[in-house]
Each structure stands twice: as structure tokens, then as C-alpha cells.
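Everything below concerns the one structure shown next.
As the structure is a computational prediction, the values presented were derived from the model and not from experiment.
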Amino acid sequence: EMRLVESGGGLVQPGGSLRLSCAASGFSMRDYWMHWVRQGPGKGLVWVARIKGDGSSLAYGDSVKGRFTISRDTAKNTVDLQVNSLRLDDTALYYCVRANCRNKNAFDVWGQGTMVTVSS
Amino acid sequence: QSALTQPPSASGSPGQSVTISCTGTSSDFGGYDYVSWYQQYPGKAPKLLVFEVNKRPSGVPDRFSGSKSGNTASLTVSGLQAEDEADYYCSSFAGGDMLYVFGTGTTVTVL
């Protein structure tokens, strides 16, 4: 069974940092584009960042560019999201998601999410 | 990267059909048919319903169908069932940078 499990969320003050991690099982992240998508409380889905399977290509949403960094560890089959300079509006459930080229890069496997709360 | 525009809500009686629109710009869709739709129940992660405009992953009922015309994509849920009451999101990406965008989301209510 293909599965994604996120960790690393928590309560942090504005301006603080966290490192979110996502562990995959049942498949190799090296073969897929991996993404982070977030959802604020009672709000819609927002695409955050993505990394190509071989790590050669990264991209970010406008609202996080320059503050968030996506990376992956092939040996551990994990993808991380370093979130810095956190703002109140970064409060959200952060999902790790797999994009499948067989589905024209639609998001076919989702984790359950890790909650980031930014508050003073 | 502005969100794609969806109606906030849609509703129908059991057995009826409901159609949700998803409107963007030409740059959002980039001339590609990389539109996907997701269903999300409260407190749950989203689930892929439709990809490449009108294709369904295995296990998704054929009551769910997608289409696209110009800069507007649509999801139709036919033969509404109580279990279809959920939030629905469209998504697309375009260009060599593969930057994604989601729709604003639509809450479907089965009357």
C-alpha cells in the first residue's frame, strides 16, 4: 500500500521556523514529483512547493517563495519542507502529496497532514 | 498564481445532477488538458476524482465526469447520492515550471 506520513508540525511564534518531514512507503519518491499543499482552517487548498524525483527541479508558490525550502533524502525516501520566517497566515494543515505522471501529474496519493500553528 | 474560480456552493436532490465550474485564465491552463478534480470530506485528506480533464482513476464511479471548454473546466456529478456531500476542488498546472494552482473550492450539498 502506498502511504505518506507527515511529521514536524507544531506551535511556533511569528518569525519562527519548523522542519516538516514526509516519509513514503510502498513506492520510491525518486520516481515521482513530490509536493506540499496546505489548507488553512476552514479554507481551501493552496499549492506550496514541489520537487522532481531526482531533485533537479524545485518550484514554490508565490506566498512562500524565499521563506520555504523543499528537499528530499533519497536514501530515507523522505521529502522535507523547511519553513522559515513564519507568519500568522502560514497557519495550516500541510499535506505531503505525490504527483503521478501516469495521471498527467495529478495528485494521487495524499498524507494525512501535519498542522502548523503560528501564534504569539 | 491566483486561485481558479469555483462557485462556493452547489446543491441537488438525490438522483439529480450537479455541475461545478472552474474558471481560470489561458495561462492557468496553458493550453494543456492537465485539469484534475478532488473530493474532500471534513477532516479528511482530498481524494483524486478526475485527471487530464475527463479521466477517472480506478475505483471512482462513472457518475463523476469532467469536461473543459476554453478556460473553464467542469465536474458533473450525476445521480447524486448522500455520500457525494463534500468539498470539491479543481486544479491545473501549466508551463515548463509546472506551477500548480487550485480552485477556490465548492461545497456540494445533497438536499
Decide whether [X] and [Y] are clustered together by the hydrophobic rule: side chain heavy atoms of Ile, Leu, Val, Met, Phe, Trp, Tyr closer than 4.5 Å, transitively.
X         : Y         : value
Trp33(A)  : Leu81(A)  : no
Tyr41(B)  : Val110(B) : no
Met2(A)   : Ile51(A)  : yes
Val108(B) : Leu111(B) : no

Nearest 0.5 angstrom please: [X] [atom1] to [Y] [atom2], how far?
X         : Y         : atom1 : atom2 : result
Gln40(B)  : Tyr95(A)  : CD    : OH    : 4.5 Å
Tyr34(B)  : Asn103(A) : OH    : CG    : 12.5 Å
Trp47(A)  : Leu99(B)  : CH2   : CG    : 5.0 Å
Ser36(B)  : Asp108(A) : OG    : CG    : 10.5 Å
Asn105(A) : Ser92(B)  : CG    : OG    : 11.5 Å

Self-check item: Gln39(A) vs Tyr89(B) side-chain heavy atoms within contact, under 4.5 Å
Solution: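 Gln39(A) vs Tyr89(B): side chains touch.
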Sequence neighbours left out, cut at 3.5 Å: what donor-acceptor pairs do the side chains of residues 111-120 of chain A make with other protein atoms?
unit_1    : atom_1 : unit_2  : atom_2 : d
Thr114(A) : OG1    : Gly9(A) : N      : 2.9

Quiz item: Does Arg3(A) CZ have over 12 foreign heavy atoms under 6.0 Å away?
Solution: no
Quiz item: For Arg87(A), does the CZ atom sit with more than 12 other heavy atoms under 6.0 Å from it, leaving out its own atoms?
Solution: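 Atom CZ in Arg87(A) is packed in, count exceeds 12.
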Quiz item: Residues two or more places apart in sequence or in another chain: which of them pass ring pair (Phe, Tyr, Trp, His ring centres under 6.0 Å) with Phe51(B)?
Solution: none
Under 4.5 Å from any heavy atom of chain B, what part of [X] do you find: side chain, backbone, both or neither?
X         : value
Lys52(A)  : neither
Ala49(A)  : neither
Phe107(A) : both
Val97(A)  : neither

Exercise. Below 4.5 Å from any heavy atom of chain A, which atoms of Pro46(B) appear? Answer side chain, backbone, both or neither.
Key: both
Self-check item: Heavy-atom donor-acceptor pair, Tyr100(B) side chain to Arg50(A) backbone, under 3.5 Å
Solution: no
